[in-house]
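Below, all heavy atoms of this structure are taken into account, side chains as well, without hydrogens, waters or symmetry copies. Read the numbers this way: they start at 1 and go in the same order the structure lists the ligands and their atoms. Along the sequence shown, residues are numbered consecutively beginning with 1.
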Amino acid sequence: MTAVEPRTPADPATTTELAPAAAPWWTTAVVYQVYPRSFADSDGDGIGDLGGVRAKLDHLAELGVDAIWLSPVYPSPQHDNGYDIRDYQDIDPVFGSLEEFDALLAEAHERGIKIVMDLVVNHTSDEHPWFVESRSSTDNPKRDWYWWRQPGAAGAEPNGWGSAFSGPAWTLDETTGEYYLHLFAKQQPDLNWENPEVRQAVYSMMNWWLDRGVDGFRMDVINFIAKQLDLVSGPAAASDEGSPMGAQIHDYLQEMHREVFAGRTGAHLTVGEMPGVSIDDAVLFTDAARAEVDMIFQFEHVSLDQGVHKFDPLPRNLVALKRSLARWQEGLAETGWNSLYLNNHDQPRLVSRFGNDTEFRYESATLWALVLHLHRGTPYIYQGEEIGMTNVRFEGIEDYRDIESLNHYREAVEQFDQSPASVLAGVHAMGRDNARTPMQWDASAHAGFTTGTPWIAANPNFPEINVAADRAAERSVFRFYQQLIALRHDDPVVALGDFELLEPEHEKLYAFTRTLDDRVLLVLANASDTPLTLQGEWVPDDISGAELLLGNYAGDGAAALRPWEARLYRL
Ligand code: NOJ
């Protein structure tokens with residue numbers, strides 16, 4: 001019995017809305033995220049820069065990616081590694097200059113690679129001239145560009161919101177005796193998008209970058225630009241649970257689209273980072289007819305292993321992960337579009353979090369690559385993922401740099417009396433510096449990242465895990481990604497086929513089909529350290545006759561999936 005019946009094109013439930021010819025360019029694209037600080041250092045100051053990105057463009061061109069998402073390179077005091085911007089229309093000297101940026105853009109375009117900028121407009125740096133003016137007096141014309149509130153009863157903060165980086169989301173400013181809102185660090189005051197002048201200033205800046213030739217924006221916590229106004233001003237007892245997002249977010253994004261993108265021809269990309277949104281929200285945000293954003297980054301699947309706090313990890317739960325991703329596949333099947341990611345600069349490394357980063361590093365890195373890239377949506381690769389880079393376990397908190405981890409450590413140890421060792425264990429598992437250690441290019445000093453002293457140490461495993469070694473290896477994670485990217489470019493079923501999860505309750509097996517018209521692809525993956533015998537409803541009996549398109553073990557058709565084996569069949 002064949003469990004997976006090819007469907008007929010006439011079945012309305014399975015007909016994809018997007019015909020291949022009419023589908024937007026990003027349905028067949030793969031995006032690569034560069035975190036410039038940690039990518040490649042061209043001038044020996046220990047910090048990655050634009051010259052480093054230019055020098056490595058061929059690595060990305062050979063990988064085959066269509067676009068780079070460049071994390072922030074704007075002038076910044078770097079409290080949050082550039083997500084605290086002091087000037088939106090320049091380049092921080094630590095990264096280069098506008099001239100160097102233009103050169104990078106031209107060289108990327110020559111290779112057919114687009115550049116998508118990071119747009120961080122929920123907040124600025126407290127050193128941005130807008131905020132410097134705003135804080136100077138209560139009647140300054142820019143006062144209302146940020147969220148200022150008088151102290152609540154007994155001098156308390158205006159409401160109970162906590163900052164994402166520990167402590168309250170409000171800081172009292174001595175100059176005027178009022179509090180300002182910062183959902184992140186106190187050096188990152190939130191802009192007041194209720195003020196039309198703020199919105200116009202942002203649109204004008206976005207137009208300036210697009211006129212310069214950039215290809216779109218990844219929008220940092222963009223759903224938070226709209227606040228629930230009744231909550232902002234209190235009462236002080238207001239809970240900080242749930243999302244601060246206000247319903248006016250759709251108006252803002254539609255206005256942004258009209259003011260920035262509507263009149264433009266050309267292939268742009270907009271992806272909004274949106275913590276805490278539901279599938280129903282996502283349908284609204286990404287419905288092309290509503291003209292808001294092309295796709296969003298949602299967080300459900302990367303929150304499943306977080307306990308009460310993000311630094312208290314829970315064991316991985318494959319069933320929950322599959323179900324979550326499948327619900328998003330289903331929810332955005334007819335309208336809207338998914339982005340696909342398992343790690344980025346804020347998340348642990350995927351092979352350490354979801355795989356086995358010691359005994360089965362190659363197998364589990366490639367398994368998750370295959371599983372993710374065969375979902376319907378636009379895949380994002382985070383630097384180093386393409387060679388199976390792993391989490392790091394630095395010995396002491398002094399080796400860490402991330403403001404979130406450092407604030408959490410201080411708060412947990414000093415205020416809540418937790419043991420330093422247990423807090424450090426949480427940072428090892430979930431901390432953002434796992435993703436931020438230098439890109440491992442080769443086995444030379446500091447992984448070939450810099451000739452100087454790196455701003456954060458390289459993962460000590462760089463002599464074994466690096467680009468040069470991986471590309472020379474028989475079993476190369478890089479080559480596996482190359483094949484996945486090529487498949488998405490060439491096979492409309494990968495880009496557009498309907499998704500169906502098989503065996504949702506199976507605790508080791510990740511299996512699904514993709515179907516477009518009468519063409520069916522089948523993914524079978526064993527997400528475990530032990531072999532998994534192929535049996536049951538989900539195994540088509542003609543599997544031996546099916547074409548194996550890609551797999552991460554040599555040899556075809558073994559009756560058991562070996563540890564972390566993943567296969568892609570065309571039925
Ligand atoms: C999300 C970014 O990805 C993260 O790195 C940053 O710290 C916060 N937004 C604040 O900008």
Side-chain angles (χ1 to χ4, degrees), residues 31-39 48 68-88 92 116-128 131 146-147 161-167 169 171 180-191 193 202 217-227 243-245 249 270-277 293 295-299 302-303 306 310-311 339 341-349 380-383 385 400-408 427 430-437 455-456:
V31 183
Y32 184 98
Q33 182 190 355
V34 168
Y35 193 69
R37 212 182 160 75
S38 305
F39 190 62
I68 294 171
W69 149 25
L70 192 63
S71 277
V73 287
Y74 315 97
S76 161
Q78 304 284 333
H79 291 290
D80 187 20
N81 292 359
Y83 283 89
D84 47 327
I85 297 170
R86 174 201 286 145
D87 179 353
Y88 286 116
D92 196 301
V116 171
M117 300 297 276
D118 217 309
L119 180 80
V120 188
V121 291
N122 173 68
H123 45 268
T124 65
S125 158
D126 62 349
E127 294 183 21
H128 194 293
F131 188 73
Y146 294 83
W147 298 95
W161 285 352
S163 124
F165 296 155
S166 304
T171 289
Y180 66 89
L181 176 66
H182 52 89
L183 294 181
F184 295 88
K186 66 174 191 292
Q187 298 90 348
Q188 292 168 298
D190 279 44
L191 281 165
W193 275 68
V202 170
F217 298 98
R218 172 272 184 186
M219 304 176 177
D220 192 71
V221 289
I222 200 69
N223 56 321
F224 291 171
I225 62 175
K227 313 278 195 266
S243 167
M245 178 176 87
I249 183 61
T270 55
V271 48
E273 187 204 27
M274 299 199 180
V277 296
V293 290
M295 62 192 88
I296 68 162
F297 290 130
Q298 57 96 3
F299 282 68
V302 289
S303 308
Q306 295 178 6
K310 107 166 220 185
F311 289 99
S339 69
Y341 74 97
L342 287 175
N343 52 198
N344 59 35
H345 66 294
D346 293 330
Q347 301 288 336
R349 291 282 177 182
Y380 287 73
I381 300 172
Y382 179 65
Q383 66 186 40
E385 178 185 332
Y400 286 87
R401 301 287 175 267
D402 171 29
I403 185 170
E404 181 189 45
S405 296
L406 297 179
N407 286 358
H408 163 68
V427 172
M430 300 305 264
R432 305 196 296 181
D433 282 338
N434 282 311
R436 299 175 179 188
T437 57
W455 67 275
I456 186 169

- Should the pair H128 and Y88 be assigned to parallel (<30°), tilted (30 to 60°) or perpendicular (>60°) ring geometry? tilted

Tabulated below should be the N or O atoms of ligand 1 paired with protein N or O atoms at under 3.5 Å; can you produce that?
{"unit_1": "ligand 1", "atom_1": "3 (O)", "unit_2": "R218", "atom_2": "NH2", "d": "3.0"}
{"unit_1": "ligand 1", "atom_1": "3 (O)", "unit_2": "H345", "atom_2": "NE2", "d": "2.8"}
{"unit_1": "ligand 1", "atom_1": "3 (O)", "unit_2": "D346", "atom_2": "OD2", "d": "2.5"}
{"unit_1": "ligand 1", "atom_1": "5 (O)", "unit_2": "H345", "atom_2": "NE2", "d": "2.9"}
{"unit_1": "ligand 1", "atom_1": "5 (O)", "unit_2": "D346", "atom_2": "OD1", "d": "2.7"}
{"unit_1": "ligand 1", "atom_1": "5 (O)", "unit_2": "D346", "atom_2": "OD2", "d": "3.4"}
{"unit_1": "ligand 1", "atom_1": "5 (O)", "unit_2": "R432", "atom_2": "NH1", "d": "3.3"}
{"unit_1": "ligand 1", "atom_1": "7 (O)", "unit_2": "D80", "atom_2": "OD1", "d": "3.3"}
{"unit_1": "ligand 1", "atom_1": "7 (O)", "unit_2": "D80", "atom_2": "OD2", "d": "2.5"}
{"unit_1": "ligand 1", "atom_1": "7 (O)", "unit_2": "R432", "atom_2": "NH1", "d": "2.9"}
{"unit_1": "ligand 1", "atom_1": "9 (N)", "unit_2": "D220", "atom_2": "OD1", "d": "2.9"}
{"unit_1": "ligand 1", "atom_1": "9 (N)", "unit_2": "D220", "atom_2": "OD2", "d": "3.1"}
{"unit_1": "ligand 1", "atom_1": "11 (O)", "unit_2": "H123", "atom_2": "NE2", "d": "2.9"}
{"unit_1": "ligand 1", "atom_1": "11 (O)", "unit_2": "D220", "atom_2": "OD2", "d": "2.7"}

- Please list, chain by chain and in numerical order, all residues satisfying ring pair (Phe, Tyr, Trp, His ring centres under 6.0 Å) with Y400, sequence neighbours excluded. F394

- Quick one: does D433's side chain have a donor or acceptor within less than 3.5 Å of a partner on D402's backbone? yes

- Task: Give me the ring orientation class for H123 and F184: parallel if the planes are under 30° apart, tilted from 30 to 60°, perpendicular past 60°.
- Result: tilted

- Query: Is it true that D80 and R432 have a side-chain N and a carboxylate O under 4.0 angstrom from each other?
  - Reply: yes

- Please work out which of the three classes, parallel, tilted or perpendicular, describes the rings of F297 and Y380, given edges at 30° and 60°. perpendicular

